[in-house]
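These notes concern the structure reproduced below.
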Amino acid sequence: MPYFDAASAAPLHPVARQALLAALDEGWADPARLYREGRRARLLLDAAREAAADAVGCRPDELVFTSSGTTAVHTGVAGALSGRRRVGRHLAVSAVEHSSVLHAAAAHEAAGGTVTEVPVGRSGAVDPEAYAGALREGTALACLQSANHEVGTEQPVAEVAALCAEAGVPLLVDAAQSLGWGPVAGGWSLLTASAHKWGGPAGVGLLAVRKGVRFAPQGPAGERESGRAPGFENLPAIVAAAASLRAVRDEAAAEAVRLRALVDRIRTAVAGRVGDVEVVGDPERRLPHLVTFSCLYVDGETLLHELDRHGFSVSSGSSCTSSTLEPSHVLRAMGVLSEGNVRVSLPMGTAEADVDRFLEVVPGVVAEVRERLGAPVPAPPSPAPARSLVVDALGRRCPIPVIELAKVIGEVPVGATVTVLADDEAARLDIPAWCEMREQEYVGEEPADRGSAYVVRRLS
């Protein structure tokens, strides 16, 4: 049964399973003790911290492990606000943050603080200048996710971090959705993440606090994890989380290219085969594995049940699939259609055949649900050119990769891309040269399985 909900929880990575089982045997003792078993546990904990810090891009002594990503967020927000309470009690967040951030903001407001929610555009991204406008005298902390958990849109973290630095405000980045794909760029001050989002075990979060950031942990003091995460460390889970983070990072470059092509196929096919549908989120600046679309005249809960009956596990931000009966705050902030919403987030290793079968099933399922509800029959969608194409020229020598590129460049609209997969070294020279001759944009080369992916954008 294809599982397409990695944004909620990715399947446990094989490396995580192996590390977890090994650490259950070797890492059961108290790492704070000086006897042999304690020293062995301390070595495992230190190694996990170093591996996780390397992936985050911080010093090991800046990172602590928490009991969840939500705990990391709540600890980070509360500690930063308390550490800077003399500056003021104002908190700035984007309107599309994860609920853990918004809940922390609500608690701060209930305790007498003030909160500004920075709006987003229709793509789901904040405007950096608008975010800067929310910073004022007395702003103690700003929060901005690295990429959205519902629609996949990447946020301009580096730009916002620079503006926060100019204003003297630390920036907390929730990197739960993106950390498995790569480090977060920019001068962030605090960062949080959750292991089960990248294929680690549930119950492990990361909190990084840069040196120099004023931070005062809240609640009863603890001796462990620099006093920022009280309680005995779940060492086997921590070891598995760090090992799997390193493993997925090693696979991320190649899988990002492959999954982005599959998601592009979903974006194009759904828009072309299902009438009255809106594909939401930024089409370019987005996570490689996630796509969200909303269908008019569809009961979202029924749609998800029908897809499950056909063997596909997907999720939704639709109001009719939530216990609150309110639409997703993300979709509402974006001003996009929320009914009949489907989020597809592909785990690493997703088979192309499973995506093809999903695209065969979706149009019929949507039509069936609409008929059941007595909805009007939508006009067939106008055929639209593909937003992007992938040409598989692996194992074929030049000039064949260039010939295949030339054949399909006219099938995508101006501004869209063609990705050529090739393992012939001559393609590294020939494809950029063809772009120069034909006045097309050579975007660059990315690693791919058994070769390279050469990305070309159509200009004319």
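Panel note: side chain E50, backbone P60; no donor-acceptor pair is recorded below 3.5 Å. The backbone N or O of G300 sits nowhere less than 3.5 Å from a side-chain atom of S316 that would complete a donor-acceptor pair. For R286 (side chain) and P283 (main-chain N/O), a donor-acceptor pair under 3.5 Å exists by modelled atom type.
Considering only heavy atoms from C-beta on, E439 stays 4.5 Å or farther from L459 through its side chain. The closest side-chain heavy-atom distance from E97 to L144 is below 4.5 Å. Residues Q155 and V160 have side chains not in contact (no heavy-atom distance under 4.5 Å, counting atoms from C-beta outward). R343 places none of its side-chain heavy atoms less than 4.5 Å from the side chain of V314. Residues L24 and L21 meet the side-chain proximity criterion, which asks for heavy atoms closer than 4.5 Å. Side-chain atoms of L307 and V362, non-hydrogen and from C-beta on, do get closer than 4.5 Å to each other.
Using a 4.0 Å cut-off between charged side-chain N and carboxylate O, D356 and R265 make a salt bridge. D430 and R397 are not joined by a salt bridge, as no carboxylate oxygen comes within less than 4.0 angstrom of a charged side-chain nitrogen. Between E278 and R122, at least one side-chain nitrogen of the basic residue sits less than 4.0 Å from a carboxylate oxygen of the acidic one, meeting the salt-bridge criterion.
The ring-ring contact (aromatic ring centres under 6.0 Å, His included) contacts involving residues 328-373 comprise F4-F358, F312-F358, where partners must be two or more places apart or lie in separate chains.
With sequence neighbours excluded, the residues satisfying side-chain hydrogen bond (donor to acceptor under 3.5 Å, both in side chains) with R309 are E306. Under the rule for a ring pair (Phe, Tyr, Trp, His ring centres under 6.0 Å), the partners of H289 that lie at least two apart in sequence or sit in another chain are W181. Residues passing the side-chain hydrogen bond (donor to acceptor under 3.5 Å, both in side chains) test with E154, sequence neighbours excluded: none. Under the side-chain hydrogen bond (donor to acceptor under 3.5 Å, both in side chains) criterion, E404 pairs with K407, not counting sequence neighbours. Under the side-chain hydrogen bond (donor to acceptor under 3.5 Å, both in side chains) criterion, E425 pairs with R428, sequence neighbours left out.
Checking each of I409, V443, T417 against V456 for a side-chain contact (heavy atoms from CB on, under 4.5 Å) leaves exactly one that passes, namely I409. The side-chain contact (heavy atoms from CB on, under 4.5 Å) with Y131 is formed by just one residue from the set T116, V118, L163; it is V118.
A donor-acceptor contact closer than 3.5 angstrom links the side chains of S178 and S146. Side chain to side chain, S313 and D5 fail the donor-acceptor criterion of an N or O pair below 3.5 Å. Side-chain N/O atoms of R210 and S189 include no donor and acceptor closer than 3.5 Å.
Heavy atoms from other residues, nucleotides or ligands lying under 6.0 Å from CZ of R249 number more than 12.
The two atoms that bring V366 and L303 nearest to each other are CG2-CD1, 4.0 Å, heavy atoms only.
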